[in-house]
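All figures in this text were calculated on a predicted structure; none of them were measured in a lab. The chains referred to below are lettered A, B, ... by the order of the sequence lines, with proteins before strands, and numbering in each begins at 1. Every heavy atom of this structure was used, including side-chain atoms; hydrogens, water molecules and symmetry mates were not.
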Protein chains: 2
Amino acid sequence: MSRVLNNTAPVKKSTRDRITELINKYQFQPNALARSLFKKETGMIGVILPDITNPFFPEVLSGLDQEARNKGYTFFLCDTVSTNTNGDSGEQYVRESEYLNILVEKQVDGIIMLGGRINLAKPSAELVNEVVEVCKRVPVLLINGNLPGEGMNRVYADEKVGAELATQHLIDLGHRDIAFVGGYRHMSNTLQRIQSFVKTMEKNGLKVRKEWMLDGGFSVESGKAFLNILLGLPERPTAVFCANDLVAIGVMKAANKAGLRVPHDLSLVGFDDIPYASNSIPELTTVSLKCYDVGRNAADLLHQMITKNKVSRNTKVRPELIVRESTAPPGGKGLKA
Amino acid sequence: MSRVLNNTAPVKKSTRDRITELINKYQFQPNALARSLFKKETGMIGVILPDITNPFFPEVLSGLDQEARNKGYTFFLCDTVSTNTNGDSGEQYVRESEYLNILVEKQVDGIIMLGGRINLAKPSAELVNEVVEVCKRVPVLLINGNLPGEGMNRVYADEKVGAELATQHLIDLGHRDIAFVGGYRHMSNTLQRIQSFVKTMEKNGLKVRKEWMLDGGFSVESGKAFLNILLGLPERPTAVFCANDLVAIGVMKAANKAGLRVPHDLSLVGFDDIPYASNSIPELTTVSLKCYDVGRNAADLLHQMITKNKVSRNTKVRPELIVRESTAPPGGKGLKA
DNA sequence: TTGTAAGCGTTATCAT
DNA sequence: ATGATAACGCTTACAA
């Protein structure tokens, strides 16, 4: 019967018909567990991510799914937080560890990791080692992150280019007093954005001011807080580069509340290009990390890793500046007192 | 060895130690496939939904996950569109069918469906029957939807109460000229909202105008289009009740572009209370469908269905009006010409 | 062309 | 307390 279902051997037409009839009669459905047990392949991929509620992730999931679906893969969604706690309780990492285990026990064909420990500037040896061990058993792909030790397969957006694009855009508009707010200094992606921001400023002969460099969150709420801090300063920027779009929204809301108009009084650029960015009023100028493309690439590469078992080069995707309505030349009263 | 791993029988301490040592030495990890094959339970739940990119769904997923995680379940994410096509190609339903099959083959312990066919006002017999068949093999739970034939287990937000809350809020504010825009007339949730809207209007002695009842989309883009249609009418409403938050955002953007101020010139209420709603400027008054609660309830109920195999009553959760900044008494120039 | 049996990695049962 | 074995449902190899 296996033979007629899978066309794996020649069968006489008469028996084939007899079998198919029985299949229909009993509504037979094969047991994928048993098949996988024998075949040692499950068609399942595990995706470990920090928070499905953050609109960034559904976007890359969508790309992943789009590309992997027709290759016959199904996804385990492994959300490591889901309780809407922001901040950095180590709890997130133990969840990652749990899921790592569960996924290999479930014999997934591959694992994709986003966020969490792979964005840490200095992950503990244990955190790293755990992943290294898993890598020996099943293909692991890191999206927009990395782990020390080189061996990792990854697909990522070029943070530095992205931050440069954003910064240069502001400078080209005529801004000289630019703040950078958001993110966490203990995370590598934030660090890269900051470094690239600083470098671009200096390349243009501009000074970065320490008091205008604020970190401590990726959320709307933190964005509000950042702007309020800025407002309390004796000297204020005319533009703000936000570590991500959520923070930019927060800044925009706080600015609005303070009677400032964007972009007339204050220019804003975000990062990520989540759907929010084009839905806000005014629409947010931002850097697209091409999440969807990243997702598709990741699915493709992981598939290669699974089938060909070879480490075809890491993929880097180039971000793109999306100019919308939140940036303009300085000229309003700005944030100046 | 199974015995020491699962504490399923008494073992002498000496041998237990010997075994544990070997386990560590060889980094042994049990094969969940084999276990599931024997035990006839996989700890896997399939979630079929239309589009993970729609912020509504991550919210309920989050609730699901939160509740089901500690019960040991893992989720298959089955996105039936993921190509950002809106509109109603039947393709979505064939994807649902595919996933339904895949999930039973993979021997999931339960299936949760959201959106898609279970929101159809008149689903085809085939669409219905397919689900009925699956129900015979594995517990199926419908979230915010239904299928004709009564037997279905479901958890849902009370659409009618929600729409009544929104409508009455507008009326209490003093609005008499209220439009309803968004959704699809061929979908049952839209129909319920419309019916409840009409009923509430009539209960208050208000007339609903046919030209102010616009449907044909749940997206931001469609929201813009709806407002533009309204603007072209000889007589215009002072308030708009939108079928969901995305549409409300679209209306808000189009209003803004047309020089109208919300809520001064036009009051707006949304539906769903997705994160967008509290991030827009002005923040959106809306009806919270309590997605997160719905998700948690669903996980709980499904777990009962799986273990106790009993059909504990369907759960209905009561929506809540969230008054924010997009509604005010009529008084500006309104949409009046 | 088709029937039979071994094996995939577990767990439960039955002896020892 | 532990070792051996059947069974879960499938696929493949080998015989017939």
Among C/dT1, D/dT2, D/dA7, which nucleotide sits nearest the side chain of A/K12? C/dT1

Decide yes or no for B/Q107 and A/N31: does some side-chain heavy atom of the first lie under 4.5 Å from some side-chain heavy atom of the second? yes

Tell me what B/E105 touches on the nucleic acid: a base, only sugar-phosphate, or nothing, going by heavy atoms under 4.0 Å. nothing

At 4.0 Å (heavy atoms only), tell me whether B/S36 reaches a base, stays on the sugar-phosphate, or touches nothing. nothing

B/L37, nearest nucleotide to its side chain (from D/dC8, D/dT11, C/dC8): D/dC8

Using the side-chain heavy atoms of A/V11, tell me which of these nucleotides is nearest: C/dT2, D/dG3, D/dG9. C/dT2

Charged N to carboxylate O under 4.0 angstrom, B/K13 versus B/D17? yes

Check: C/dT13 base within 3.5 Å donor-acceptor of B/R3 side chain: yes

Where the side chain of B/F28 is concerned, which of D/dT11, C/dT10, C/dT11 is the nearest nucleotide? C/dT10

Atom CE of B/M1 to atom P of C/dT10: distance rounded to whole Å? 6 Å

Rounding to a whole Å, what distance do you find between A/R18:CZ and C/dG3:C1'? 12 Å

Treating B/R117 as the side-chain partner and B/Y93 as the backbone partner, does any N or O pair qualify as donor plus acceptor under 3.5 Å? yes

Separation of D/dG3 C1' from B/I19 CD1 (nearest whole Å): 12 Å

dist B/L61:CG -> B/I52:CD1 (nearest 0.5 Å) comes out at 5.0 Å

